[in-house]
Amino acid sequence: QSSPRAIIQIAITGTRILGKAFLEAGRQAAKNARAPAAGSVGNDVAGVGNASSGSMTDQLTRQHRMTLDEAHLILNVKRGEEMDNVLKHYEHLFKANSPPALPPKSAAPAPRARTPGQFHSHYLQSKVFRARERIEAENKIPTEAETEADQKATGGSKSTSHP
């Protein structure tokens with residue numbers, strides 16, 4: 001006689017626990033929907049939103065929408081590598097993602113079947129191009145030592161002299 005009562009109590013207790021869990025999950029989901037979690041990428045590309053200082057590197061990151069590290073990863077080169085090697089990697093990846101060249105027009109063009117290595121991606125090609133642009137832009141920033149040397153060579157500050 002007491003076993004049906006125990007089963008009903010277990011069912012009611014389980015339902016209460018499940019109901020509280022779902023209620024709390026709903027509250028947490030609503031809270032997450034209002035404010036994105038810290039460290040989430042969302043619409044922020046490659047941490048561009050973290051590039052908030054006034055340094056030239058951060059300005060380039062915002063301008064090119066790509067960090068220098070991401071550019072190096074895309075082109076599969078290491079930091080400080082020679083520009084010739086960077087350009088070699090760029091050319092290879094750009095060509096690898098280019099559409100195949102059209103065959104010369106003939107009297108009866110045969111339909112071309114794709115072979116496994118003939119896929120191209122405009123998106124990847126554009127990322128490779130942007131990565132090269134980002135690395136080139138970073139290499140154009142004069143270092144502090146060069147800037148100081150230029151200032152010393154030109155006579156220090158840019159003040160106008162009055163006769």
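The first residue in the sequence is number 1, and the count goes up from there.
- For F129, there are no ring pair (Phe, Tyr, Trp, His ring centres under 6.0 Å) partners, not counting sequence neighbours.
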- [ ] Show the numbers, then the answer: is there a salt bridge (charged side-chain N to carboxylate O under 4.0 Å, His left out) between E91 and K95?
- [x] CA-CA 6 Å; E91 288 172 8; K95 286 178 186 174; 5.1 Å; no
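- Under a 3.5 Å cut-off, the side chain of T13 and the backbone N or O of I10 do not form any donor-acceptor pair.
- How far CD1 of I8 is from OG of S3: 9.5 Å, rounded to the nearest 0.5 Å.
- Minimum heavy-atom separation, L93 to L75: CD1-CA, 3.9 Å.
- Side-chain contact between I135 and V77 is present, with heavy atoms from C-beta onward closer than 4.5 Å.
- Cluster annotation: M66 and L68 are assigned to the same hydrophobic cluster (Ile/Leu/Val/Met/Phe/Trp/Tyr, side-chain heavy-atom contacts under 4.5 Å, transitive).
- Residues meeting the side-chain contact (heavy atoms from CB on, under 4.5 Å) test with I7, sequence neighbours left out: none.
- The two residues H89 and N76 make their nearest non-hydrogen contact at CE1-O, 3.3 Å.
- The pair E70-K127 meets the salt-bridge criterion, with a side-chain N (NZ, NE, NH1 or NH2) lying under 4.0 Å from an Asp/Glu carboxylate O.
- Interatomic distance, CZ of F22 versus CZ of R27, reported as 15.0 Å (0.5 Å rounding).
- Contact check for R130 versus I74: no side-chain heavy atoms found under the 4.5 Å cut-off.
- Summarising the geometry, atom CD belonging to Q9 is positioned 7.5 Å from atom CZ belonging to R5; distances are rounded to the nearest 0.5 Å.
- Taking 4.5 Å as the limit, every side-chain heavy atom of H72 sits out of range of all side-chain heavy atoms of K78.
- Here the side chains of L87 and E136 are in contact, with some heavy-atom distance below 4.5 Å.
- Connection of V128 to L73 is not established within any shared hydrophobic cluster, with ILVMFWY side chains joined at heavy-atom distances below 4.5 Å, either directly or through further cluster members.
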